[in-house]
Amino acid sequence: QVQLVESGGGLVQPGGSLRLSCAASGVTLDYYTLGWFRQAPGKEREGVSCISSFDGSTYYSDSVKGRFTISRDNANNTVYLQMNSLKPEDTAVYYCATSKLHLNWHTWSRRFKYDYWGQGTQVTVSS
């Protein structure tokens, strides 16, 4: 049984940092593309970042580029999202997800390309 568990969310002031973790069980992340998505109240779930299992390519949404960094630790079966210079508009529930597909800059943010999802972790950016 595949399980993804996110952690690391919380309340942070604007300009602060958080590091989200996504620990996987029942699946070996080496062979999967890994994505981070977020969903703010009243909005659709959107892609934040992705890291490919094939060549290590990383992708970011324009809204987080330069501030967020995705990384993976295959030995610990975990993927991370380092979030710096956080803004109030980054407030959302953050989800990690896995895909068996080789995604590219055009397809990585499409939710239906991913097959397993975590339960999410809340990130609130507020003073």
Side-chain angles (χ1 to χ4, degrees):
Q1 181 180 358
V2 177
Q3 193 171 22
L4 303 175
V5 179
E6 301 95 337
S7 61
L11 173 63
V12 63
Q13 292 187 341
S17 298
L18 284 174
R19 188 176 81 154
L20 305 184
S21 300
C22 173
S25 60
V27 63
T28 301
L29 292 185
D30 303 42
Y31 309 114
Y32 285 79
T33 292
L34 306 171
W36 283 99
F37 288 74
R38 67 186 182 187
Q39 187 167 18
K43 294 188 177 181
E44 290 192 359
R45 193 171 298 188
E46 63 174 356
V48 174
S49 184
C50 164
I51 184 167
S52 169
S53 64
F54 295 90
D55 58 8
S57 296
T58 56
Y59 305 99
Y60 298 92
S61 67
D62 288 342
S63 61
V64 307
K65 199 172 296 181
R67 300 187 297 122
F68 291 11
T69 304
I70 190 171
S71 61
R72 61 195 299 158
D73 181 349
N74 290 340
N76 290 307
N77 227 25
T78 301
V79 61
Y80 302 99
L81 185 69
Q82 178 66 43
M83 306 187 297
N84 298 329
S85 303
L86 284 161
K87 305 175 181 180
E89 51 262 45
D90 295 318
T91 295
V93 178
Y94 283 71
Y95 302 88
C96 64
T98 64
S99 174
K100 297 178 182 177
L101 303 175
H102 184 189
L103 305 178
N104 58 31
W105 66 271
H106 186 62
T107 58
W108 72 269
S109 61
R110 297 180 181 177
R111 299 193 303 270
F112 63 88
K113 296 289 188 180
Y114 293 79
D115 35 35
Y116 296 113
W117 293 80
Q119 84 291 345
T121 185
Q122 176 71 47
V123 171
T124 303
V125 185
S126 174
S127 56

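Keep in mind that the numbers below use all heavy atoms, side chains included, and drop hydrogens, waters and symmetry copies. Nothing here was measured: the structure is a model prediction, and the numbers come from that model.
The side chain to side chain donor-acceptor pair (under 3.5 Å) check on Gln3 picks up nothing, with sequence neighbours excluded. The ring-ring contact (aromatic ring centres under 6.0 Å, His included) check on Phe54 picks up His102, with sequence neighbours excluded. Residues that satisfy the side-chain contact (heavy atoms from CB on, under 4.5 Å) test with Ser71, not counting sequence neighbours, are Tyr80. Shown here are the salt bridge (Lys or Arg N to Asp or Glu O under 4.0 Å) partners of Asp30, two or more places apart in sequence or in another chain: there are none. In this view, Thr91 and Gln122, Thr124, Val125 satisfy the side-chain contact (heavy atoms from CB on, under 4.5 Å) rule, not counting sequence neighbours. Residues meeting the side chain to side chain donor-acceptor pair (under 3.5 Å) test with Lys65, sequence neighbours left out: Asp62. Scanning for ring-ring contact (aromatic ring centres under 6.0 Å, His included) contacts around Tyr94 gives an empty result, with sequence neighbours left out.
When hydrophobic clusters are built by joining Ile, Leu, Val, Met, Phe, Trp and Tyr residues whose side-chain heavy atoms come closer than 4.5 Å, directly or via intermediates, Leu81 is not grouped with Val5.
The number of heavy-atom neighbours closer than 6.0 Å to CD of Glu89, taken from other residues, nucleotides and ligands shown, is above 12.
Looking at every heavy atom in both residues, Asp115 comes nearest to Lys100 through OD2-CG, 3.7 Å. The two residues Thr98 and Leu34 have their closest heavy-atom pair at CG2-CD2, 3.7 Å. Between Val64 and Val48, the shortest heavy-atom contact is CG2-O, 3.5 Å. The heavy-atom pair separating Arg38 from Ala92 by the smallest distance is CB-CB, 3.8 Å. Here the closest non-hydrogen pair linking Gly26 and Val2 is O-CG2, 3.7 Å. The two residues Leu4 and Ala24 have their closest heavy-atom pair at CD2-CB, 3.6 Å.
With rounding to the nearest 0.5 angstrom, the CG atom of Asp90 is 7.0 Å from the OG atom of Ser63. The structure places CG of Leu29 at 7.0 Å from OG1 of Thr78, a figure rounded to the nearest 0.5 Å.
In the hydrophobic clustering, where aliphatic and aromatic side chains (Ile, Leu, Val, Met, Phe, Trp, Tyr) are joined below 4.5 Å either directly or transitively, Trp105 groups with Phe37, Tyr59, Val93, Tyr95, Leu101, Leu103, Trp108, Tyr114, Trp117.
Among residue pairs with one or both ends in residues 4-36, none qualify as ring pair (Phe, Tyr, Trp, His ring centres under 6.0 Å); sequence neighbours excluded. The disulfide bond (SG atoms under 2.5 Å apart) pairs that include a residue from residues 41-92 number zero, where partners must be two or more places apart or lie in different chains. Pairs passing the disulfide bond (SG atoms under 2.5 Å apart) check and including a residue from residues 10-40, sequence neighbours excluded, read Cys22-Cys96.
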Test side-chain contact (heavy atoms from CB on, under 4.5 Å) on Arg72 and Ser53; report intermediate values, then the result.
CA-CA 9 Å; Arg72 61 195 299 158; Ser53 64; 3.9 Å; yes
Show me, pair by pair, the donor-acceptor contacts under 3.5 angstrom made by side chains of residues 7-20, not counting sequence neighbours?
| unit_1 | atom_1 | unit_2 | atom_2 | d |
| --- | --- | --- | --- | --- |
| Ser17 | OG | Asn84 | OD1 | 2.9 |

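Under the 3.5 Å distance criterion, the side-chain polar atoms of Ser85 are left unmatched by any main-chain donor or acceptor of Arg67. Remark: side-chain polar atoms of Asn77 are not paired, donor with acceptor, to backbone N or O of Ser25 under 3.5 angstrom.
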